[in-house]
Structure formats: structure tokens, C-alpha cells
Number of protein chains: 2
Amino acid sequence: MKVSKQKMAEHREQIITAAAKRFREKGFNGIGVADLMKEVGLTHGGFYGHFGSKEELIGMASQRALCESTKKWKKVIEEAPDRPLEVFSRYYLSRRHQMHPETGCLFASLGSELDRQPRSVKEAVMEEQLTIFDLLSRIVPGRTKAVKRKQAIVVLAGLIGGMILARSVPDDVLSEEILETVSSSIPNCVHADGT
Amino acid sequence: MKVSKQKMAEHREQIITAAAKRFREKGFNGIGVADLMKEVGLTHGGFYGHFGSKEELIGMASQRALCESTKKWKKVIEEAPDRPLEVFSRYYLSRRHQMHPETGCLFASLGSELDRQPRSVKEAVMEEQLTIFDLLSRIVPGRTKAVKRKQAIVVLAGLIGGMILARSVPDDVLSEEILETVSSSIPNCVHADGT
DNA sequence: ATTATCTATAGATCTATAGATAATGC
DNA sequence: ATTATCTATAGATCTATAGATAATGC
């Protein structure tokens with residue numbers, strides 16, 4: 001029943017990856033350790049050889065989810081050297097993102113649960129959050145670094161709130177209106193203060 | 001053990017009120033029927049004389065929470081006839097609101113859980129959401145009703161996202177920076193497009 | 001007589017641990 | 001010999017129901 005050290009490391013990665021997906025899909029309380037382990041092909045007892053607690057996994061999985069998003073966003077931005085902010089906003093506020101929280105932004109799928117997580121989880125999240133601020137700082141207008149950072153925060157807040165509002169509504173027409181309205185507002189909004 | 005019809009109606013209200021508070025504080029899964037009933041001074045078995053299921057209570061409590069917020073916001077806005085938008089934004093993005101999710105905006109405390117709730121809950125939420133759009137439409141700049149509505153959506157999205165970002169972080173300095181940055185951006189941001 | 005609430009419990013979860021098992025890696 | 005995983009289970013939840021109890025309201 002024992003597996004090689006390398007296999008074990010793979011298992012650990014698989015558990016984190018599955019958790020990052022299912023937590024975003026079902027919430028931190030929406031899936032249990034047993035089901036996660038079953039998805040990876042292991043039994044639930046084995047979980048505690050990899051992690052000290054579910055809480056520890058929540059921290060790892062949250063960081064993983066945000067890190068994945070940052071990578072994807074970087075790619076999207078690099079592939080649109082002109083108007084990167086507009087392209088990124090549309091990408092974030094797309095119908096596709098709305099319908100697939102399990103592979104999307106952690107703040108949109110679990111943001112309001114983060115405040116109720118232990119400090120260790122919030123610390124892991126903050127680390128990635130700062131990276132995202134830096135990434136967005138490069139594509140928003142603004143004369144100084146400080147202004148760009150502010151713009152990045154404002155943009156991210158608008159995107160997260162827009163997606164949460166759109167997802168919270170059972171009416172497709174209204175949720176599409178929300179996505180379209182917020183994403184249209186961003187380039188304009190941002191130009192006002194900075195450049 | 002039976003109580004009068006009026007007392008029973010009061011109990012029902014108390015259950016909804018307690019739920020609206022505790023759900024925002026601990027999440028929809030963070031408090032159970034038994035504890036809610038204990039808070040009201042009843043036993044858990046009695047719950048199902050008032051509601052068919054916990055899900056039904058989640059719908060009622062969500063609507064209640066949003067309705068309370070709308071009332072408070074209306075008051076805040078009416079008490080600041082000049083610069084209502086700025087005053088409201090500062091009120092929403094205050095440290096006080098950050099520290100008290102249990103009496104604050106449902107979208108900030110439970111927004112990302114709403115997508116995982118059954119349709120009946122989302123319908124109850126949407127009803128109040130439209131009222132909020134109307135309320136904010138009155139204080140944002142814009143030449144036409146359509147533009148004002150769009151501005152209202154953009155503002156609400158920014159506020160919700162800003163509060164969620166601020167709460168998700170374990171560092172007081174960073175979270176205050178987020179609140180201040182987003183709330184400073186709103187009057188500017190909004191003037192750009194509309195009036 | 002009706003019924004709001006209580007007591008007791010069923011049945012399903014869920015996190016975590018203990019000890020057994022069997023494969024790795026010295 | 002060490003250890004990653006499995007089996008089995010403890011102990012704590014949680015939603016929901018059934019039947020008893022006692023107060024209301026006809």
C-alpha cells in the first residue's frame with residue numbers, strides 16, 4: 001500500500017488541485033475530506049498523512065487557486081499588448097467565467113467566506129493578492145506607481161463585486177446586464193483619475 | 001407549551017432576525033437550526049412548525065438582511081442631501097462595517113455563497129437587489145435613467161468587491177488602504193461617464 | 001378541539017485518530 | 001526498518017420527523 005516518495009508528492013499535489021477546484025465549486029464546507037480523497041483515488045484516512053487538518057488544506061488550496069488565476073490572467077494580458085485592461089476586464093467578466101466558478105477567481109467564488117477563515121488562510125491569500133495588485137498595476141493608467149496601485153485595487157474590487165452580483169441573480173438577462181455594465185465602466189472609470 | 005397566534009408570529013420574526021444576523025456572521029453553514037432556535041429561546045424541534053426547511057429560512061433571512069441594509073442606506077443618504085454618494089460610499093466602506101458583517105451588507109458577508117443556493121433564495125435576493133439599484137440610481141450622476149442605473153450597478157459592484165477584499169486580508173494597514181482607495185475612487189469614477 | 005412547542009431520536013454527514021497492511025528504500 | 005495508505009471507528013455535528021404535552025381559542 002505504500003507508494004514511492006515521488007508518487008506521494010504527486011498525490012499531495014492532486015489533493016490540493018482537487019480541493020482548489022471543489023472548494024470553488026461547492027464552498028469550503030460543501031465538500032469533505034472523504035470525497036476529495038475519493039476524487040483523487042485514495043481513502044479518506046490517508047488524508048492526514050498529507051495535511052494536519054482540513055484547515056491546512058484550505059490554505060494551500062486557496063493559494064493554489066489564486067496562483068492559477070494569476071498565471072491565466074498574465075497570459076491573457078500578454079496576448080493583448082494594446083488595450084490589455086479592456087481585454088482582461090472582458091475576460092474576467094465573461095459569461096464563461098460566470099458559469100465556471102470551479103476554475104475561476106477565488107475571490108468571486110469564496111471571497112465572502114475568507115473573512116471567516118483562520119489567520120493562516122488569510123495570510124496565504126494575502127500573499128497572492130499582492131501579486132495580483134502588482135500584475136494589474138502594469139496595465140492600468142496612472143502617472144506614478146502609487147496611483148497605479150490604487151487603480152489596480154479599484155479595478156479588482158469592481159470585477160469581483162460585478163461577478164458576485166451577476167452570479168447571485170437567477171435571471172440571465174439581469175446577470176448579463178451586470179457583467180456588461182461593469183466591464184464597460186472599467187476603462188472609462190480608470191482614465192478619470194490617472195492618465 | 002402552545003403560545004398565542006401573535007406570540008407565534010413574533011417567534012417567527014425572531015427566528016428570521018437571528019438567522020439574518022448569524023448567517024452573516026458565520027455563513028449559511030456556520031450555524032445550525034438548533035443553535036438559532038436556542039438563541040430565540042425555543043427548542044430545535046419547534047423550528048419545523050415555522051419553516052419547511054433550513055433552505056426556506058435562508059431565503060427569508062437573506063431578504064430580511066438586505067431589506068434592513070436598504071433602510072439604513074436610505075437614511076444615510078437622506079441625511080446627506082449634498083454629496084450623498086460620497087457619504088454613502090464612506091459609510092459602506094467604513095472600518096465599522098468591515099468589523100461587523102453580522103449587521104452589514106449581505107453581499108459582502110455571503111455574496112459568494114449565493115450562487116450555490118437554490119433558485120428560491122436567489123429570487124428573494126434579486127428582488128431586494130433591484131430595490132438597491134433604484135435607491136443608488138437616485139444619488140449617482142447621469143443624464144438619463146439608463147445611465148444612472150448603470151452607474152448604480154458599477155458603484156455597488158465596487159463597494160462589495162472592496163469590502164470583500166478588505167475583509168479577506170489579515171493586515172489592518174492593507175485592509176484600510178483598500179477601503180480608503182476604493183471609497184476615494186467612487187465619486188471620481190462615476191463622474192467620468194455620466195454628468 | 002386545535003395546535004405551538006418540546007422531547008427524543010433517526011439517519012446522514014463530517015473531522016480526526018488508531019492500528020493493520022504492504023510496498024519502498026536503506 | 002520505515003512509512004504511505006487502508007480499514008474501522010470514535011465522537012461530534014446537522015437536518016428533519018414522530019409523538020407527547022399543555023396552552024389557546026372556538
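Bear in mind that the values here come from a model prediction, so they are computed numbers and not experimental data. Naming convention: chains lettered A, B, ... in sequence-line order (proteins, then strands); numbering from 1 in each chain.
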Decide yes or no on salt bridge (charged side-chain N to carboxylate O under 4.0 Å, His left out) for B:Glu10 and B:Lys7, but give the supporting numbers first. CA-CA 5 Å; B:Glu10 279 173 31; B:Lys7 245 320 183 225; 3.4 Å; yes
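- Between A:Ala18 and A:Glu39, the shortest heavy-atom contact is CB-OE2, 4.0 Å.
- Put simply, the side chain of B:Phe23 does not reach to within 4.5 Å of the side chain of B:Glu102, judged on heavy atoms.
- The NE2-C1' distance, from A:His50 to D:dT5, rounds to 8 Å in whole Å.
- Axis angle across the helix from C:dA1-D:dT24 to C:dT24-D:dA1, with five pairs used at each end and values rounded to 10°: 0°.
- Following rounding to the nearest Å, A:Met8 (CE) and C:dG25 (P) show an atom-to-atom distance of 12 Å.
- A:Ser4 comes within 4.0 angstrom of the backbone, heavy atoms only, and of no base.
- Rounded to a whole Å, the CD atom of A:Gln6 is 13 Å from the P atom of C:dT24.
- Of the listed nucleotides (C:dG25, D:dT24, D:dC6), D:dC6 has the atom at the smallest distance from the side chain of A:Leu42.
- Taking only side-chain atoms of A:His11, from C-beta outward, the nucleotide of C:dT5, D:dT5, C:dT24 with the closest atom is D:dT5.
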Along nucleotides 9-18 of chain C, 5' to 3', which nucleotides get a B, which get an S, and which get a -, given that the test is a protein heavy-atom distance under 4.0 Å? B----SSBB-
Return a table of donor-acceptor pairs under 3.5 angstrom between the side chains of residues 131-140 of chain B and protein atoms on other chains or two or more places apart.
unit_1	atom_1	unit_2	atom_2	d
B:Thr131	OG1	B:Glu127	O	3.3
B:Ser137	OG	B:Phe133	O	2.8

For residues 58-65 of chain A, which side-chain donor-acceptor pairs fall under 3.5 Å, sequence neighbours excluded?
unit_1	atom_1	unit_2	atom_2	d
A:Ser62	OG	A:Ile58	O	2.7
A:Arg64	NH1	A:Thr17	OG1	2.8
A:Arg64	NH2	A:Glu13	OE1	2.5

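- A straight line from NZ of A:Lys38 to C1' of D:dC6 spans 15 Å, rounded to a whole angstrom.
- Considering only side-chain atoms of B:Lys2, the nucleotide from D:dT5, C:dT2, C:dT5 that sits closest is C:dT2.
- With sequence neighbours excluded, the residues satisfying side-chain contact (heavy atoms from CB on, under 4.5 Å) with A:Glu177 are A:Leu174, A:Thr181, B:Arg149, B:Ile153.
- Taking atom NZ of residue A:Lys7 and atom P of nucleotide D:dT2, one finds them 26 Å apart after rounding to whole Å.
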Step-by-step side chain to side chain contact (heavy atoms under 4.5 Å, CB included) determination, B:Lys54 to B:Phe28: CA-CA 9 Å; B:Lys54 186 183 179 185; B:Phe28 290 129; 5.6 Å; no
Throw together a table of side-chain donor-acceptor distances under 3.5 angstrom for residues 117-125 of chain A, partners on residues two or more places apart or in other chains.
unit_1	atom_1	unit_2	atom_2	d
A:Arg119	NE	A:Glu123	OE2	3.0
A:Lys122	NZ	A:Asp115	OD1	3.1
A:Lys122	NZ	B:Arg167	O	3.2

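- Across the protein-nucleic acid pair, A:Phe51 atom CZ and D:dA4 atom C1' stand 14 Å apart, rounded to whole Å.
- The one candidate from B:Lys21, B:Arg24, B:Lys75, B:Lys74 that meets the salt bridge (Lys or Arg N to Asp or Glu O under 4.0 Å) condition with B:Glu68 is B:Arg24.
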